[in-house]
Amino acid sequence: MTMKPKAKKFRVRRATGVTPASGGTRPAAGAPTQDNALLGEMEDGFGDAPYPGSAAHDRASGAQAAPPEPAPGAEPEVPVEQELAAIRQEGLTGRQLRMARRTAQKHGLRPASDFDAVRLLRHRGIDPFARTNMLELIVNDAQSGAAAQTPAQAQGNSQTLPATMRQPSVPAPAGQAYDENTRASEIMRVQRDLATRRRKRLALLAVRLMFFVMLPTFLIGYYFFTVATPLYATHSEFLIQKAEASAGGDLSGMLGGTSFATVQESITVQSYLESREAMLRLDAELGFRAHFSGEDIDPLTRLAPDASDEDVYDTYLKHLDIGYDPTEGLVRMEVVAADAETSQRFSAALITYAEERVDQMTQRLRESQMADANSSFEDAELRMVGAQQRVIELQEQRGVLSAEAEVNTVFQQISTFELQLQQERLRLLELQSNIRPNQTRVEVAERNIERLEALISSLRDGLTATSGADDVSLARISSELIVAQADLQTRQLMLSQALQAMETARLEANRQSLYLSIGVFPVAPDEAAYPRAFENTLLAFLVFSGIYLLVSMTIAILREQISA
């Protein structure tokens with residue numbers, strides 16, 4: 001990368017006694033050169049006057065002795081109005097006219113208008129529209145008298161190189177120059193002045209650093225090393241686990257055995273331990289406020305006797321550090337107290353609070369699932385009992401224990417009587433087949449046949465027909481019993497399904513249950529963990545140093561902007 005050369009800026013003054021030359025200008029014999037600028041604030045002893053014996057000194061003496069005469073053959077002077085009219089006819093732009101006015105003001109001229117500025121500059125032999133060097137824009141107070149100079153001197157001053165600003169001193173007598181010893185002594189004096197200023201600036205810098213950086217750092221270090229109360233920290237780690245998920249193929253089943261299954265519960269427990277509810281419970285049970293209000297606590301950490309709950313809560317958050325690691329599923333907790341035993345008790349109490357909150361988070365879900373299952377089971381049980389009671393009532397009212405058994409009995413009787421009827425008919429046919437049948441035996445057989453037919457007919461009528469209002473057929477009784485028994489069987493099936501659903505709900509509720517598993521139990525430390533005096537003091541030093549550096553840079557930038 002190409003870097004542009006940069007040079008320091010010096011306050012310079014314009015030298016006198018130079019003559020214009022073709023193609024450029026050269027400094028006068030008495031004017032400071034670029035080599036002299038390296039000497040810093042050196043003075044040649046002659047001030048603004050040219051060096052005696054130089055060409056510039058001779059020209060200045062001749063100019064003062066005799067005014068310049070017009071050269072022979074010169075053109076006569078043109079009136080000002082004609083010159084201004086001619087300049088207006090040139091058609092100059094507004095930007096050119098503004099450049100001409102600025103150039104005229106730089107050379108100490110006072111034009112009446114922009115066109116007059118062009119006229120005056122041309123009379124001086126200066127191009128009003130030429131781009132000038134940036135070093136020529138720096139004008140010192142000595143140029144306020146440029147109007148009293150001759151045109152040749154003014155034109156030379158417009159093209160001379162800048163010289164360093166000299167310190168006000170008594171000029172040496174005219175005709176007397178500095179020798180080598182005097183010049184060396186002056187250089188030594190300038191160097192001594194620079195060294196003195198550097199020592200003064202370093203001393204002021206040291207005072208500022210001592211006041212704004214070292215003193216606050218010392219006070220903070222004194223507080224941490226001597227005043228601050230030693231605080232003991234108890235570390236503990238625990239994680240929230242869920243029962244094994246079902247073997248289903250859904251996303252919850254796949255994530256059931258990972259730490260992502262309990263992310264919400266872990267964050268909820270962390271938020272609860274950092275809440276005012278946990279702080280108030282800890283204060284009510286173990287006296288958190290009283291512990292940090294004791295006389296052995298340093299003034300910056302101690303709670304006021306009449307401190308509000310917000311102040312106590314701020315102190316609680318300062319002395320409780322809890323965080324959840326989602327990659328491992330661990331909740332890490334650090335509890336700080338003024339003594340080791342109290343720190344351990346506070347940590348154990350907070351873990352107990354976390355366990356209770358974990359149980360409460362799934363209790364409502366488990367209760368809802370079990371309540372629905374229990375309600376369904378109880379309803380199915382009541383309906384089954386009702387159906388069974390109806391069957392018993394039918395059996396008692398109809399006097400039939402089993403309709404199927406009764407029907408089978410009747411059909412067996414009918415079959416038996418029909419068999420007897422067939423035998424009697426065969427017997428009658430056998431008696432009638434004789435030439436001279438026994439009339440008595442024939443009549444007996446006929447009466448037996450009639451009796452059996454009547455009995456069979458009555459048995460058949462008893463299955464379907466009714467003889468009175470209170471009499472009910474066996475078919476109706478059988479149908480009612482069959483319906484009642486079918487209803488009973490249905491209710492028994494529904495009861496078994498409700499029982500199975502309740503068992504399933506109980507298993508799901510057990511799977512939904514969460515429990516807190518402690519990985520690192522809280523153990524009382526034997527050494528104080530806080531305050532970390534050296535680290536805090538070093539951090540304070542870095543902070544105050546950074547603040548001082550920022551403020552110093554801001555002030556320096558503002559000063560540079562204001563001076564510019």
Note, [X] side chain near [Y] side chain (heavy atom, < 4.5 Å):
| X | Y | answer |
| --- | --- | --- |
| Ile126 | Leu120 | no |
| Leu92 | Phe129 | yes |
| Ile220 | Asn536 | no |
| Pro128 | Thr103 | no |
| Ile351 | Pro522 | yes |
| Met333 | Ser347 | yes |
| Phe541 | Thr537 | no |
| Gln360 | Arg357 | yes |

Could you go through Thr182 and Ser185, starting from their C-alpha distance and side-chain angles, then the distance that decides it, and tell me whether this counts as side chain to side chain contact (heavy atoms under 4.5 Å, CB included)? CA-CA 5 Å; Thr182 305; Ser185 64; 4.3 Å; yes

Is it the case that [X] and [Y] place a side-chain donor and acceptor less than 3.5 Å from each other?
| X | Y | answer |
| --- | --- | --- |
| Asp339 | Thr342 | yes |
| Ser343 | Thr234 | yes |
| Tyr353 | Glu285 | yes |
| His123 | Glu83 | yes |

Quick check: closest heavy atoms across [X] and [Y], and the distance to 0.1 Å?
| X | Y | answer |
| --- | --- | --- |
| Val213 | Thr217 | O-OG1, 2.7 Å |
| Leu516 | Ile518 | CD2-CG1, 3.7 Å |
| Val336 | Leu231 | CG1-CB, 3.4 Å |
| Ala524 | Gln344 | CB-OE1, 3.4 Å |
| Gln270 | Ile322 | NE2-O, 3.5 Å |
| Ser275 | Tyr313 | C-CE1, 3.7 Å |

Measure the [atom1]-[atom2] distance between [X] and [Y] for me, rounded to the nearest 0.5 Å.
| X | Y | atom1 | atom2 | result |
| --- | --- | --- | --- | --- |
| Asp127 | Arg122 | CG | CZ | 8.0 Å |
| Leu209 | Leu204 | CG | CG | 11.0 Å |
| Leu215 | Met210 | CG | CE | 8.5 Å |
| Phe212 | Ser552 | CZ | OG | 8.5 Å |
| Met279 | Thr315 | CE | OG1 | 9.0 Å |
| Phe238 | Leu350 | CZ | CG | 8.5 Å |

Hey, does the side chain of [X] reach the backbone of [Y] with a donor-acceptor pair shorter than 3.5 angstrom?
| X | Y | value |
| --- | --- | --- |
| His291 | Ala338 | yes |
| Thr301 | Ile297 | no |
| Ser293 | Ala290 | no |
| Gln96 | Thr93 | yes |

Carboxylate-amine/guanidinium contact [X] [Y], below 4.0 Å:
| X | Y | value |
| --- | --- | --- |
| Asp193 | Arg189 | yes |
| Glu356 | Arg281 | yes |
| Asp311 | Arg289 | no |

Name all pairs fulfilling the salt bridge (charged side-chain N to carboxylate O under 4.0 Å, His left out) condition that reach into residues 218-241, sequence neighbours left out, sorted by first residue then second.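 Only Glu237-Arg332 qualify under salt bridge (charged side-chain N to carboxylate O under 4.0 Å, His left out).
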
Test side chain to side chain contact (heavy atoms under 4.5 Å, CB included) on Val335 and His235 and set out the steps. CA-CA 7 Å; Val335 181; His235 298 270; over 6 Å; no

Within the supplied structure, the quantity of interest is the number of heavy atoms (other residues, nucleotides, ligands) at a distance under 6.0 Å from [X] [atom1]; does it exceed 12?
| X | atom1 | answer |
| --- | --- | --- |
| Arg208 | CZ | yes |
| Phe211 | CZ | no |
| Tyr548 | OH | yes |
| Glu527 | CD | no |

Residue among Arg119, Arg101, Arg95 satisfying salt bridge (charged side-chain N to carboxylate O under 4.0 Å, His left out) with Asp114: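 In the set Arg119, Arg101, Arg95, the residue that makes a salt bridge (charged side-chain N to carboxylate O under 4.0 Å, His left out) with Asp114 is Arg101.
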
The criterion is ring-ring contact (aromatic ring centres under 6.0 Å, His included); which residues satisfy it with Tyr316, sequence neighbours excluded?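 Expected list: Phe288.
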
Audit row: Val118, Leu97, side chain to side chain contact (heavy atoms under 4.5 Å, CB included) steps and yes/no: CA-CA 8 Å; Val118 175; Leu97 294 176; 4.3 Å; yes

Using side-chain hydrogen bond (donor to acceptor under 3.5 Å, both in side chains), reason through Tyr223 and Asp298 one step at a time and then give a plain yes or no. CA-CA 10 Å; Tyr223 166 76; Asp298 62 88; 2.8 Å; yes

Residues Tyr324, Val269; criterion side chain to side chain contact (heavy atoms under 4.5 Å, CB included); working and verdict: CA-CA 10 Å; Tyr324 171 67; Val269 170; over 6 Å; no

